[in-house]
A.B. asks: 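Got a structure here, written out as structure tokens. Questions coming.
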Amino acid sequence: MLIQILDVDYVMVDDKPVIRIFGKNGAGEAVCGFYEGFLPYFYVAGENAEEVLKDEDLNFEKVKRNIILKHVPQDVFKITLKDPSKTPEIRDRLRSKGLKPYEADILFKYRFMSDMGINGMNWIDITGPGIQTESVSINKIIQIKKMKAVEKTGNADLKTLAFDLECVSNRGGIPEAKRDPIVMISILFSHDYKGTDRMLLSTRSGKGVTYFETEKAMLETFIKIVNDFDADILTGYNCNNFDFPYTLERMRQNGIRAIFGRCKQKTVFAKSIGNRHKVYMTGRMIVDSYTIVKKDFSLVRYDLGTVAKNLLNEEKIDVKHSEIETLWRGNDIEFERLAKYAMRDSVLAINLLRKLDLTSKYIALSKISGTLLQDTLDGGETLRIENYLLREFNKKKYIFPCKPEPEEMGRRMREREENFLKGGYVIEPKKGLHSNVVVLDFKSMYPSIINTFNICPTTLTRENGDDVIKSLSGAMFCKKSVKKGIVPDVLENLMKSRQAVKMQMKKETDKEIIRVLDAQQWALKIMANAFYGYLGYLRAKAYYIDIANSVTSYGRNLIQNTSKSIKKMGYEIIYGDTDSVMVQSKKIELDDIEKEMVKIVDIINKDLEGILELEFEKIFKRFLPFTKKRYVALCFERDGDKWKEKMEMKGVETVRRDWCELTSETMKRIVEILLKENDVKGAVNHFKNVIGKLMKGEIAVQKLAVTKSMSKSPERYVGMQPHIELVKKIRKRSPEETPGIGDRIPYVIVKGLGLLSKRAEDPMYVIEHGIQVDSSYYIENQLLPPLERIFTSLGIFKSELMGNGKQMGIMDAIKNHVKAAKETEKEKEIIISSKEMNGFVCSKCNDFHRRVPLVGVCECGGEFLFSSPKGTATTIVAG
DNA sequence: ATGGTCCGGGG
DNA sequence: GTGTACGGACCAT
């Protein structure tokens, strides 16, 4: 029978481990395969290992294996035991006698999967008799006699259950699982469950609600539903860190065993690490939409409301957290609103998963690396690389080192301090707004370097000789002809596979298959690119600083040489970073530019070694660099016989948590005017225009609001913060509207005297009462900081931006100051001095203000002086 | 620059 | 479970 592997674990039966493979067959049925007779083992180097462990019931076998830094097979012991859980103890005994264990920290399930050549989410063909057992909640159980991996592209039909909790705390703030009960559980099913796709469990009765007298009864039913529906995936929004740990704790409080995985003996449990949790469940997977969205999409905020609106264009039901208790205790209509709210959250969680197809990429990563999907989702790159490398090492009779122990970590850290890891080479960008700049980059630079120069832990050698290549940073590696490295080989395969998948995609017409293939080629790229980082990661099992440094030194050399050659051909280099150079074209039409550059690329490529290859990547019709690693560009990329246009921003955020909409909007528009319209004056005018509108009060108040959340009661805040001061204000004037702990509070800064925080106001209140917002604040603190950087790179200073009629006190002062300086051609110094200026001091009362407290004069009526960091006021502001 | 702390998401 | 460990923004010396 063919099954797709969802999870693997083992249990001890009669003192022997039995591996259990949880999967799904093509018909969408859950299947479990039992595999007996596989025993845990590991290796140790050192003659007296047998002597050290003579009292243990172990099997010793003397074998020859390859190890890193030795170039002939070594004698080692293969130690086989019966119980996987005994390994750490035996491993540590060996270590305490100075012996070096290998592969002694590999989870038993991964030992098995690696040896059998089976991967997470891949298909296997298992054959054997069917058996009956009460240990798992699955009907189809096969005693595996034969097993083999099978190539199959598609995925089994997976059942998903989304859930969401509501609980009330009578003390305000986040409910405490030890104390506050769950009052509602909403559930949404991906597949029909008893004629419905949703259920709402609650300890209060109402319309459309399944009522329970006690929380205990409700939780027991929840368990029953999960098991009955037999979900493959459980999801929720932030369920890893809230819903699961909370549910599990409530089950504990109620004396219920959390048996809702596919093993009837193992409970679902959560381990807490700080305020973070990791949830373990056998046979099913937990996919938290929040975790993935946060990783895969760039948004300002990640609350479910924002996420649903931006990514799905679906609305969350608007219930403030502080309202939940009121609604729960309220009348029927209020209760119904809470019920709808609860249900919607489950709907959104599952919609995120399905409509955004959040799992495909991770499934592809699992298939390639071998890691189980759950671990691919929870763990990082290191886990995937090590899982993959273990298999590749073993194929070549290499044994893999263990995780570094504290002593080794110490050594690595000291070594790194003396001989630190150097990165890529960055060419200083040429200032200004450029047109027709071409990006040439090295195709998979680091993987190609590793492959070309045979850089690998298995080729690293300390003995010089004819068959050795000395890298630019001084490390030595065996020549390919003598010994091909495992990592170089693996990378070549990954890159070749990716090309093959891309070719296949071009021929394919089925949308669903194209989607899977696209995820696959993406995952192959991700895996290939992760190797360099892995080899330089301090905690990696196969970390060697020489290796990481060799890779980057070749990279720097390549980019420098390439840049030099292109200059020799008579072209100007505008910018370059690590694996790319940006060249000034002499043509104007996109097609001409491409032809011109392809010629250059061909010349460069003739002299490159191995699989290294420079590529024409794209054209920046307009290119505006600010500093190293920060630029905006209007980019044209080839798309068949057409050109695809897009805006590209590197290191420049157009949205930030603490910026109001006006700032983001203005920034986007100005970048657009500069890049698309190539109109510097137009950009300046737009900026002036926005400022003009702002000062005339023509900007919608909502666009000026910044939202922050209140995590504790206002009294407990030590410093002064605008949104907290606003809460205090609201409490005084309309206590019934006071926001609660955890609520998000939007505010705008209004005109008036006194501290900034004291001038925070509710946007709605501002509109209703026609209060004026503090335009100076918005100019100085919201608009100028990000935009000034852009304009400065074009040689336009604050003075020019702020000029034009309107008297603005402080602004005018700066303007005059800059003007005076300009006359003596000393703009640069001004930029520096205005950067160093960190506040204002009143000339009369000596009061220090970090920000301009509006209208340019101090509260006492005195004028301001700029103040430098050292505290000395330097420049007098003219009134 | 570097180091520590706080907070996110959820209710 | 052959456990193993967040990450970015922001402040403070």
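Every chain is numbered from 1 and lettered A, B, ... according to where its sequence line falls, protein lines coming before strand lines. Below, all heavy atoms of this structure are taken into account, side chains as well, without hydrogens, waters or symmetry copies. The shown structure was predicted, so the numbers you read here are calculated from the model rather than taken from an experiment.
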A.B. asks: Counting any heavy atom closer than 4.0 Å, what does A:D9 reach on the DNA or RNA strands: base, sugar-phosphate only, or nothing?
C.D. replies: nothing

A.B. asks: Hey, does A:Y110 reach any base, or is it just sugar-phosphate, or nothing, if we go heavy atoms under 4.0 Å?
C.D. replies: nothing

A.B. asks: Residues in salt bridge (Lys or Arg N to Asp or Glu O under 4.0 Å) with A:K271, at least two apart?
C.D. replies: none

A.B. asks: Just checking A:K422: does its NZ atom have more than 12 heavy atoms from other residues, nucleotides or ligands closer to it than 6.0 angstrom?
C.D. replies: no

A.B. asks: Please determine whether the number of non-hydrogen atoms from other residues, nucleotides or ligands lying under 6.0 Å from atom NZ of A:K320 exceeds 12.
C.D. replies: no

A.B. asks: Contact class for A:N240 vs. all strands (heavy atom < 4.0 Å): base, sugar-phosphate, or nothing?
C.D. replies: nothing

A.B. asks: Touch check for A:F112, heavy atoms < 4.0 angstrom, all strands: base, sugar-phosphate only, or nothing?
C.D. replies: nothing

A.B. asks: Quote, to the nearest angstrom, the P distance that separates B:dG10 from C:dT4.
C.D. replies: 29 Å

A.B. asks: Looking at B:dG8, C:dG3, B:dG10, which one has an atom nearest to any side-chain atom of A:K271?
C.D. replies: C:dG3

A.B. asks: For a quick check of understanding: with a heavy-atom distance under 4.0 Å over all strands, which category does A:L165 fall into, base, sugar-phosphate or nothing?
C.D. replies: sugar-phosphate

A.B. asks: Between C:dG1, C:dG3, B:dG10, which one does the side chain of A:Y280 approach most closely?
C.D. replies: C:dG1

A.B. asks: Look at the side chain of A:K403 and decide which nucleotide, out of C:dT2, C:dT4, B:dG10, has an atom nearest to it.
C.D. replies: C:dT4

A.B. asks: Relative to the 5' end of DNA chain C, which residue comes earlier, A:I273 or A:L39, by the nucleotide with the nearest heavy atom?
C.D. replies: A:L39

A.B. asks: Does A:K16 have more than 12 heavy atoms from other residues, nucleotides or ligands lying within 6.0 Å of its NZ?
C.D. replies: no

A.B. asks: Scan A:D105 against the nucleic acid and name what it touches under 4.0 Å (heavy atoms): base, sugar-phosphate only, or nothing.
C.D. replies: base

A.B. asks: May I ask you to say what A:Y10 touches in the nucleic acid, namely base, sugar-phosphate or nothing, with a heavy-atom cut-off under 4.0 Å?
C.D. replies: sugar-phosphate

A.B. asks: Taking the side chain as everything from C-beta on, heavy atoms only, tell me whether A:L373 gets closer than 4.5 Å to A:Y362.
C.D. replies: yes

A.B. asks: Is there a side-chain contact between A:Y747 and A:E725 (heavy atoms, below 4.5 Å)?
C.D. replies: no

A.B. asks: Is there a residue in residues 370-383 of chain A whose heavy atoms reach under 4.0 Å of DNA chain C, and which residues are they?
C.D. replies: none

A.B. asks: Could you tell me whether A:P88 contacts a base, only the sugar-phosphate backbone, or nothing, with contacts defined as non-hydrogen atoms closer than 4.0 Å?
C.D. replies: sugar-phosphate

A.B. asks: Measuring only the C1' atom in each nucleotide, how far is B:dA1 from C:dC10? A whole number of Å is fine.
C.D. replies: 15 Å

A.B. asks: Tell me, what's DNA chain C's dot-bracket, Watson-Crick or G-U with both distances under 3.5 Å, | for other-strand, [ ] crossing?
C.D. replies: .....|||||||.

A.B. asks: Do the numbers put A:R65 on top of the ring of A:Y398, so that NZ or CZ is under 6.0 Å from the six-membered ring centre and no more than 45° off the axis?
C.D. replies: no

A.B. asks: State which of C:dT2, C:dG1, B:dG9 makes the closest approach to the side chain of A:F269.
C.D. replies: C:dG1

A.B. asks: Of the listed nucleotides (B:dG8, B:dG10, C:dG1), which one gets closest to any side-chain atom of A:N238?
C.D. replies: B:dG10

A.B. asks: Kindly indicate whether a cation-pi arrangement holds for A:K278 with A:Y280, taking the cut-offs as under 6.0 Å to the six-membered ring centre and within 45° of the axis.
C.D. replies: yes

A.B. asks: Between A:T203 and A:E215, is the side chain to side chain donor-acceptor pair (under 3.5 Å) condition met? List the steps.
C.D. replies: CA-CA 6 Å; A:T203 51; A:E215 183 193 30; over 6 Å; no

A.B. asks: Have a look at A:L81 and say if it touches a base, only the backbone sugar-phosphate, or nothing, with a 4.0 Å heavy-atom cut-off.
C.D. replies: nothing

A.B. asks: In this structure, which one of A:V209, A:L188, A:L348 forms a side-chain contact (heavy atoms from CB on, under 4.5 Å) with A:M343?
C.D. replies: A:L188

A.B. asks: Among C:dT2, C:dG1, B:dG8, which nucleotide sits nearest the side chain of A:K109?
C.D. replies: C:dG1

A.B. asks: Would you kindly say whether A:Y110 and A:D375 are connected by a side-chain donor-acceptor distance under 3.5 Å?
C.D. replies: yes

A.B. asks: Using the P atom as the reference point in each nucleotide, state the distance between C:dG1 and C:dA5 in Å, no decimals.
C.D. replies: 12 Å

A.B. asks: Where the side chain of A:R276 is defined as all heavy atoms beyond and including C-beta, which of B:dG10, C:dC6, C:dT2 is the nearest nucleotide?
C.D. replies: C:dC6

A.B. asks: Whether the side chain of A:K294 and the base of B:dG9 hold a donor-acceptor pair under 3.5 Å is what I'd like checked.
C.D. replies: no

A.B. asks: Considering only atom P, compute the distance from B:dG9 to C:dT2 and round it to an integer number of Å.
C.D. replies: 34 Å

